[in-house]
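Heads up: the structure comes next, in structure tokens.
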Amino acid sequence: MKNIKLLSLLLIAFISFSACDQDDDLVFTAQEPAEGITFSNSFLDEYVLTVAASNNLGERFTWQDANFGVPTNVTYELENSILGDFTDATTVGTTDGNELAVTIGAMLGFAEAAGLDNDPNTDLPNTGTLYFRVKGFVGTEGLPTYSPIQELTVVLPEIVEGGGGAGIEISDWGIVGSATPNSWDGPDIPFYTTSENNVIVAYANLVDGQIKFRQNNSWDAPNINYGDLTGDGILDTENENNINVTSGTYKITIDWNDNSYTIEEFYWGLVGSATPNSWDGPDVKLSYDYNTDTFKTVVQLVDGQIKIRMNDSWDSPNINYGDLTGDGVLDTENENNINVTAGYYLVTVDFKTLEYSIEETLIWGAVGSATPNSWDGPDTKFNPDFANPGVWTLNGMTLLDGQLKFRTNDSWDSPNINYGDLTGDGILDTENENNINVTAGIYDITLDFSNPDNPTYTIE
């Protein structure tokens with residue numbers, strides 16, 4: 001009986017071993033997908049591309065999984081073609097997921113390569129078509145499958161001669177003084193022209209101190225400078241006529257028709273549960289962009305609600321706006337909080353028409369062992385200089401002995417970008433081992449992407 005049991009156990013073990021051996025010999029062979037890749041996002045009728053919006057999201061391409069008939073990892077590449085037939089295909093990005101984002105700046109590069117131009121003095125068109133598709137494959141370029149070609153119509157708005165696109169220009173007048181960021185040496189805070197004849201306006205963050213108004217950043221004749229000796233609201237050229245101001249954010253208006261001026265507390269801001277300081281504030285301030293005659297800010301929001309209000313206050317005569325119907329036009333109705341989801345955004349408001357937009361964007365930050373939050377972040381954020389598209393500034397940044405880099409949206413992951421400087425020549429690059437060495441101190445840092453092919457930075 002014991003021999004029979006032993007023989008049975010040996011037989012079972014042999015059968016099990018053979019089964020395992022057969023399983024190990026199984027080979028899964030990927031098949032050509034029965035259906036190709038299809039895009040799952042919707043596309044705009046046309047995409048308006050401007051340098052000022054280079055860091056904004058142009059399009060987020062999303063697609064359904066390719067099914068190769070077996071459980072396997074699939075690699076996807078988003079491709080672009082200038083010719084449209086993809087004999088000249090270039091890879092925009094690679095992922096094992098189901099989406100890739102393309103910035104307006106990248107789309108501008110494709111548009112320029114396609115021969116589009118926004119200069120009205122050339123014969124080149126400012127409207128054309130960009131071509132994209134997704135390639136999916138297993139292994140190393142094995143069994144590729146493709147999505148249908150997606151055509152995107154893009155428009156490069158023509159350059160408007162003689163100033164900002166809104167017809168607003170920088171005047172030759174500015175604000176100078178101990179209350180301004182650059183004190184008495186300048187460069188001065190600029191005034192802008194307005195729709196009213198001989199009326200100019202400036203938006204200024206001031207500290208306790210004094211100011212004057214002067215031409216062309218200069219004290220030298222024939223340039224003129226004005227103050228107000230008696231404090232009567234009329235400008236004069238008397239001695240000892242500096243204007244005393246207290247810390248705050250102001251709108252300063254000069255009417256050259258009678259040499260009168262006003263200084264009023266003035267700023268718009270974002271407030272709400274989705275903002276860094278919730279409903280209590282202080283609010284996220286919007287800055288003036290003379291190129292479009294609008295107010296803008298970039299901000300990281302969480303899931304929640306926002307409103308737009310004046311001077312950090314709910315009290316009259318300050319105004320607050322929301323959007324009850326979600327039609328993109330601000331109103332003062334009850335229950336008009338604006339719902340938003342977490343992300344990095346560019347918020348733009350035109351207070352002439354009350355139209356507004358909230359668009360995904362890329363926000364630059366400083367990261368590294370020299371920064372307050374080291375390499376983990378969150379990064380110390382730059383502010384865009386809306387008067388100079390492509391320029392980002394970070395003033396009064398306290399750094400430690402260490403290293404830093406610049407990246408977007410607190411992330412190393414695509415489509416975010418990160419830059420360093422391998423050779424220390426002041427030109428940003430994406431090379432390996434390109435961390436920037438710094439010593440402890442307080443610095444003003446500027447990133448300049450106005451020339452996308454030659455981005456630069458300064459640390460002063």
Side-chain angles (χ1 to χ4, degrees), residues 44 46-58 103-105 107-108 111 116-120 126-127 154-171 173-174 189-196 199-205 249-253 266-270 283-299 306 308-310 319 321 323 327-330 338 344-364 382-393 447-452:
L44 301 178
E46 66 177 27
Y47 295 78
V48 178
L49 311 180
T50 64
V51 173
S54 291
N55 289 302
N56 292 355
L57 178 68
T103 65
I104 286 178
M107 293 174 74
L108 271 171
L116 305 185
D117 192 339
N118 64 347
D119 187 345
N126 72 321
T127 300
V154 296
V155 179
L156 281 62
E158 287 189 350
I159 297 172
V160 178
E161 301 288 349
I168 305 298
E169 298 179 349
I170 299 177
S171 78
W173 288 93
I189 299 172
F191 279 90
Y192 303 100
T193 61
T194 69
S195 58
E196 299 180 60
V199 176
I200 57 176
V201 64
Y203 301 93
N205 294 313
T249 302
Y250 296 96
K251 176 182 179 181
I252 302 177
T253 305
F266 180 96
Y267 61 88
W268 291 99
L270 304 181
D283 304 349
V284 178
K285 290 182 180 179
L286 279 68
S287 299
Y288 181 66
D289 176 10
Y290 88 97
N291 294 289
T292 56
D293 197 22
T294 59
F295 287 81
K296 297 179 177 180
T297 191
V298 293
V299 62
I306 63 169
I308 299 165
R309 66 175 179 174
M310 182 180 284
I319 308 168
Y321 288 111
D323 183 5
D327 62 354
V329 179
L330 297 174
I338 301 168
Y344 299 81
Y345 295 98
L346 168 68
V347 180
T348 304
V349 183
D350 185 340
F351 288 102
K352 302 183 300 300
T353 63
L354 294 185
E355 295 175 305
Y356 75 99
S357 62
I358 303 174
E359 306 169 276
E360 286 186 277
T361 194
L362 299 176
I363 301 176
W364 286 97
F382 285 79
N383 293 308
D385 181 351
F386 293 115
N388 296 288
V391 176
W392 293 71
T393 60
L447 307 180
D448 188 347
F449 300 103
S450 56
N451 180 355

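Side-chain atoms are counted along with the backbone in the values below, which use heavy atoms only and exclude waters and symmetry mates. Computed from a predicted structure; not experimentally measured. In what follows, residues are counted from 1 in the order of the sequence shown.
Across Ile306, Leu286, Leu346, Val347, a single residue satisfies side chain to side chain contact (heavy atoms under 4.5 Å, CB included) together with Val299, and that is Val347.
To the nearest 0.5 angstrom, Trp268 atom CH2 is 11.0 Å from Tyr203 atom OH. To the nearest 0.5 angstrom, Asp385 atom CG is 9.5 Å from Asp289 atom CG. Taken to the nearest 0.5 Å, the OG1 atom of Thr294 stands 7.0 Å off from the NZ atom of Lys352. The distance from the CD1 atom of Ile104 to the OH atom of Tyr47 is 10.5 Å, given to the nearest 0.5 Å. Rounded to the nearest 0.5 Å, atoms NZ (Lys296) and CG (Asp350) are 10.5 Å apart. Note: Thr194 OG1 to Ile168 CD1 = 6.5 Å, rounded to the nearest 0.5 Å.
No hydrogens or angles considered: a donor-acceptor pair under 3.5 Å links the side chains of Thr249 and Asn205. The closest side-chain donor-acceptor pair between Asp293 and Tyr288 falls under 3.5 angstrom.
A donor-acceptor pair is defined here as one N or O able to donate and one able to accept, closer than 3.5 Å; such a pair exists between the side chain of Thr297 and the backbone of Lys285. The backbone N or O of Glu169 sits less than 3.5 Å from a side-chain atom of Thr193, completing a donor-acceptor pair. A donor-acceptor distance shorter than 3.5 angstrom exists from the side chain of Asp323 to the backbone of Gly328, with no hydrogens or angles considered. Checking side-chain atoms of Thr353 against main-chain N and O of Glu355 turns up a donor-acceptor pair under 3.5 Å.
Ring geometry for Phe295 versus Phe351: interplanar angle over 60°, hence perpendicular rather than tilted (30 to 60°). A parallel orientation is assigned to the rings of Trp364 and Phe449, their planes being inclined by less than 30° (bins at 30° and 60°).
Between Ile363 and Trp392 there is a side-chain heavy-atom pair separated by less than 4.5 Å. Residues Ser450 and Asn388 fail the side-chain proximity criterion, which asks for heavy atoms closer than 4.5 Å. Contact annotation: the side chain of Leu49 never approaches that of Asn118 to less than 4.5 Å [non-hydrogen atoms, C-beta and beyond]. Put simply, the side chain of Pro452 does not reach to within 4.5 Å of the side chain of Leu108, judged on heavy atoms.
Contacts of Tyr356 classified as ring-ring contact (aromatic ring centres under 6.0 Å, His included), with partners at least two apart in sequence or in another chain: none. Tyr344 meets the ring-ring contact (aromatic ring centres under 6.0 Å, His included) test with no other residue; sequence neighbours excluded.
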Decide yes or no on side chain to side chain contact (heavy atoms under 4.5 Å, CB included) for Thr127 and Leu116, but give the supporting numbers first.
-> CA-CA 7 Å; Thr127 300; Leu116 305 185; over 6 Å; no

Can you list the steps and then say if Tyr345 with Glu360 is a side chain to side chain contact (heavy atoms under 4.5 Å, CB included)?
-> CA-CA 4 Å; Tyr345 295 98; Glu360 286 186 277; 4.0 Å; yes

Trace of the side chain to side chain contact (heavy atoms under 4.5 Å, CB included) decision for Ile308 with Leu270 | CA-CA 5 Å; Ile308 299 165; Leu270 304 181; 3.7 Å; yes

Decide yes or no on side chain to side chain contact (heavy atoms under 4.5 Å, CB included) for Phe382 and Val391, but give the supporting numbers first.
-> CA-CA 10 Å; Phe382 285 79; Val391 176; over 6 Å; no

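Nearest heavy atoms, Phe386 versus Ser287: CD1-CB, 3.9 Å. Between Ala387 and Tyr192, the shortest heavy-atom contact is CB-OH, 4.1 Å. Ala202 and Pro190 make their closest contact through CB-O, 3.4 Å (heavy atoms, listed as atom of the first residue, atom of the second, distance).
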